[in-house]
Structure formats: structure tokens, C-alpha cells
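So the structure is just underneath, and the comments pick up after that.
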Amino acid sequence: MESISLWQGLALCGIVSWIVLSSSLDVTRKLRTLVQPWVSHHVITGTPIILQIQKYQHGFLDALFSGLSCVVSVPFYTAFLPLLFWSGHGKLARQMTLLMSLCDYSGNCIKDVVSAPRPSCPPVRRITATKDEQENALEYGLPSSHTLNTVCLSGYLLHYVLSYTQNEDASLKFAGFAVVCLIVCLTGLGRIYLGMHSGIDIIAGLAVGFVILSFWLSVHDYVDSFVVSGQNVTTFWAALSLLLLFAYPTPELPTPSFEFHTAFDGVAFGIVAGVQQTYHQFHHESVPRIFTPQLPLSAFLGRMLVGIPTILIVKYCSKALAKWILPIVSNTLGIPIKSTSYIPMLKGSVTGKKMEELKQSGYIKKLPVFSSQGSFDVDTGIRFLQYSGLAWSVVDLVPSLFSYLRL
């Protein structure tokens with residue numbers, strides 16, 4: 001217990017120290033000054049290669065690569081992971097959720113630190129077939145998140161399948177590796193074909209993805225053991241999640257990247273908190289798995305019919321509850337807040353006499369980590385709680401309903 005508390009404290013203190021140090025030394029701007037011109041140069045010089053690839057424009061290729069971009073996107077994985085939990089593969093679902101959170105944080109941090117442009121459109125033809133792609137186009141370019149996520153998640157899925165089946169057939173291992181490589185290559189090529197990324201973005205996505213995957217394969221067992229049976233898990237992860245919201249670089253211009261990070265930060269916290277509380281009831285290794293007599297396909301379809309509407313209702317309710325509670329709590333603590341979209345009456349910064357009063361009375365604002373903030377965007381807290389509630393319902397509320405309904 002003491003040793004666990006010690007490493008938790010050291011980890012959190014390390015993050016706080018980094019936040020204070022990087023802010024005081026203006027690390028983000030200095031790194032951007034060094035790296036951004038080099039990356040921007042490669043984006044510009046890589047334009048002829050993109051145009052050469054886009055010469056092979058065809059409706060089939062448009063549909064193929066647009067569809068593939070949806071299949072390897074964050075929204076797809078967000079929808080896929082609950083089904084993975086409900087299918088009985090809890091360990092795989094936990095690991096992929098936390099790995100996805102790590103990929104999302106790392107990729108978006110690098111994007112906003114470098115703040116490198118995407119290929120210029122025109123002359124590059126950019127295809128954004130979905131709303132998700134339109135939002136992605138508002139982010140900076142390097143690295144390619146789709147490529148990074150595909151390397152990590154498909155690589156980890158292959159590792160899990162080979163470990164789970166304990167198959168030593170070399171030909172099957174080679175076939176699985178070949179399929180993963182094909183998916184990664186098609187994803188990278190598709191991002192260039194759609195005009196969303198240049199070659200340097202894809203290379204960076206591959207490099208960062210391999211680094212993260214290698215790191216995760218060396219620590220995933222320890223992380224999972226901590227989540228399901230560690231001490232102070234929920235408290236530690238709540239503190240970690242909060243600090244990660246502040247340990248995020250400020251981009252050159254606002255982008256949706258921080259919103260994506262906030263959402264998945266909340267998802268990771270909700271999953272960890274829910275699993276830690278209900279592991280022995282719903283998520284241990286002996287739970288029924290899909291395509292077995294204990295969980296036939298018909299029962300799994302019943303789970304989907306019950307589970308999906310339930311988590312959508314929880315997502316809506318948690319958002320409404322957060323919009324009501326957070327402004328009250330902020331005012332009570334004397335924290336100046338604003339809202340960019342969720343609460344119309346709070347749009348814009350808190351200014352004037354009210355700001356001065358809040359600065360004088362707010363204890364939170366006097367803390368060194370928060371003292372440089374003018375006003376906090378309450379939308380961040382709302383989004384975090386909304387997705388935390390959604391994730392909690394996936395692993396706690398919905399499995400409880402399955403147990404009650406004997407699904």
C-alpha cells in the first residue's frame with residue numbers, strides 16, 4: 001500500500017512539475033519555432049506527390065478511402081468498444097480503450113505543439129465525406145492520427161488474438177501480420193489520396209505509432225493489473241485525468257484537438273472507475289463470451305438493443321446534469337468561467353468588476369497551477385463528465401441491466 005501510494009504521488013507530482021516548468025519556460029512555443037518551419041517545408045515540397053496520387057481519381061477509390069477513414073476513426077472505435085465489453089472480451093476492451101486514450105493524447109499533443117499545416121487546398125483536392133472528416137480537417141496535420149491509431153490498435157489486436165488463441169502456426173502469424181500491414185498501408189495511402197495529409201504526416205504517424213505500440217506492449221499487463229486490483233485506482237485516475245487536461249499544449253490557433261482529448265480522457269476515467277468497482281461481477285476472465293452456449297448471438301443482439309439506447313440516454317443526462325452543476329460549483333469556489341458553446345449565457349470571458357471579485361475570493365485561482373488562467377472554459381468540464389458518464393454506463397450500469405434481464 002505504501003509503495004503504491006508513493007509511486008502514485010511521484011507520478012502526479014511529476015506531471016504538476018512539468019506543467020509549471022513547461023509553462024514558465026514557454027516550452028511549446030520554443031519547440032514549435034524549431035520544428036514547424038521544417039515540417040511546413042516538407043508539406044509544401046510534398047504537394048507534387050499528392051497531386052500525382054490524386055491523378056488516379058475514381059469514384060470507387062473515393063468511396064473506398066472515405067469508408068476506410070471512417071472505420072479507423074475515433075468515433076468508430078468509440079462505438080465499437082462498448083460492443084467489445086458486452087461480448088465478454090473485457091480485458092481486450094479495457095486495453096484498447098486505454099491505448100486509444102494514450103494515442104489520442106499523444107497524437108493531438110504533437111499536432112498542437114508543431115501546429116503544421118495540412119496540404120494546401122487547392123491545388124490539392126480534399127475529400128471530406130463525413131462530419132467527422134470535416135472536423136478532422138480543422139486540426140493541424142502532423143502526425144496523421146488515423147495512421148497512428150491504426151498502427152497501435154490493429155497491432156495490439158493482432159497481439160491479443162495470437163496470445164488468446166495461443167496459436168504457434170507461423171503461417172497464421174504471417175497472415176495476420178500481412179493483414180495489419182495492408183490495413184496500415186491503405187490507411188496511410190488513403191489519407192494522402194483524400195488530401196488530408198502529406199507524406200511527412202504519414203511517416204510521423206507511423207513512427208509515433210510504433211513507439212507507442214512498443215511501449216504499450218511492455219506495460220499493458222501492469223496497467224491492467226493496477227486497474228482491476230490496485231489501490232486508490234479511482235482517486236489516482238481522477239487526479240491523473242484532471243492534470244492531463246492542463247498538461248496539454250496551446251496550439252498556434254484553436255483546433256478541435258483538445259475537445260477530442262477531453263472526450264477520450266473522460267472515457268478512460270469512466271471505464272477505469274467502472275471496471276474497478278465491478279470487475280468481479282461483470283469483467284473477470286470467466287464471464288461468458290460471444291458465440292459460446294452461455295452467450296449465443298441472439299443474447300448478444302439483445303444486449304445491443306438494451307445497451308446502446310441506455311448509454312445514449314446516460315450521455316444526454318450526464319451532459320444536462322454537468323451543465324447545471326458545474327456553473328454552480330464554479331461560482332461557489334469563485335472560479336471565473338466562460339462557455340464557448342454549451343451555455344449561451346456564459347459565452348465570452350468573465351470580465352470587469354465581477355472578474356476582480358472572483359479573483360479576490362477564489363481560492364482555486366490562487367493556486368500556482370491555475371493562477372495564469374483568465375477564465376476557465378466550463379465546456380471542458382461538461383464534455384469530460386458527459387463522456388465519463390457514458391463510459392461508466394458501458395461497464396457498470398448496462399451490465400447490471402444485462403444481469404437483471406438475464407441477457
**Prompt:** Is the cationic atom of Arg125 (NZ for Lys, CZ for Arg) positioned less than 6.0 Å from the six-membered ring centroid of Tyr193 and within 45 degrees of its normal?
**Reply:** yes

Close side-chain approach of Leu295 to Val287, heavy-atom, < 4.5 Å: no

query = Any salt bridge between Arg383 and Asp265, counting N to O under 4.0 Å?
reply = no

Scanning both residues in full, the closest heavy-atom pair of Thr278 with Val395 reads OG1-O, 3.3 Å

For the rings on His220 and His159, is their centre-to-centre separation under 6.0 Å?
yes

Can you find a heavy atom in the side chain of Arg289 that is under 4.5 Å from one in the side chain of Ser87? no

Q. Can you check whether Phe402 and Phe282 have ring centres sitting under 6.0 Å from each other?
A. no

In terms of heavy-atom contacts, Leu68 and Thr187 come closest through CD2-N, 3.7 Å

**Item:** pair Phe226-Gln8: side-chain heavy atoms closer than 4.5 Å
**Value:** yes

**Report entry** Test item: Ser106 side-chain N/O and Cys103 main-chain N/O as donor-acceptor pair under 3.5 Å
**Finding:** no

With the side chain counted from C-beta on, respond yes when Ile15 and Phe246 share a heavy-atom pair under 4.5 Å apart, and no when they do not. no

| query | Are any of the side-chain heavy atoms of Leu390 and Val314 separated by less than 4.5 Å? | reply | no

- Is any side-chain heavy atom of Thr47 closer than 4.5 Å to a side-chain heavy atom of Pro123? yes

Discussion item. I'd like to know if the side chain of Thr235 reaches the main chain of Asn232, judged simply by a donor and an acceptor atom lying under 3.5 Å from each other, with no hydrogens or angles considered.
Written reply: no

Are any side-chain N or O atoms of Lys319 and backbone N or O atoms of Gln386, one a donor and one an acceptor, separated by less than 3.5 Å?
no

Measure the acute angle between the ring planes of His261 and Phe258, then classify it against the limits of 30° and 60° as parallel, tilted or perpendicular.
-> tilted

(message) Donor-acceptor check, side chain of Asn331 to backbone of Ile328, threshold 3.5 angstrom: yes or no?
(response) no

Item to check | Leu157 side chain reached by Leu92 side chain, heavy atoms, under 4.5 Å | outcome: yes

### Message
Between Arg303 (side chain only) and Trp86 (backbone N and O only), is there a donor and an acceptor less than 3.5 Å apart?
### Response
yes

Verdict with supporting geometry, Gln277 and Trp392, side chain to side chain donor-acceptor pair (under 3.5 Å)
CA-CA 10 Å; Gln277 293 295 321; Trp392 166 81; over 6 Å; no

For Val272 and Thr234, what are the C-alpha separation, side-chain angles and deciding distance, and is it a side-chain contact (heavy atoms from CB on, under 4.5 Å)? CA-CA 7 Å; Val272 169; Thr234 302; 5.8 Å; no

Quick one: does any side-chain atom of Ser241 pair with a main-chain N or O of Trp237 as donor and acceptor, under 3.5 Å?
yes

Heavy-atom closest pair (Tyr279 atom, Glu285 atom, distance to 0.1 Å) is OH-N, 4.1 Å

Notebook entry, point to check: So Asn108 and Asp104, side chain to side chain donor-acceptor pair (under 3.5 Å) or not? Walk me through it.
Noted result: CA-CA 6 Å; Asn108 287 336; Asp104 183 76; 3.2 Å; yes

Between Leu99 and Cys152 the two heavy atoms that sit nearest each other are CD2-O, 3.7 Å

(Q) Quick check against the 3.5 Å criterion: does Ser69 have a side-chain atom that pairs as donor or acceptor with the backbone of Ser66? (A) yes

All heavy atoms of His284 vs all of His280, minimum pair found to be CD2-O, 3.1 Å

Looking only at atom types and distance, does a side-chain atom of Gln281 sit under 3.5 Å from a main-chain N or O of Ser400, one as donor and one as acceptor? no

- Could you walk me through whether Ser115 and Gln36 pass the side chain to side chain donor-acceptor pair (under 3.5 Å) check? CA-CA 7 Å; Ser115 295; Gln36 187 190 66; 4.8 Å; no

On a heavy-atom basis, the closest approach of Pro119 and Met196 is CD-O, 3.7 Å

**Study point:** Side-chain heavy-atom pair Val124, Arg118 within 4.5 angstrom cut-off
**Key:** no

Give a yes or no answer on whether the side chain of His197 reaches the backbone of Gly141 with a donor-acceptor pair at less than 3.5 Å. yes

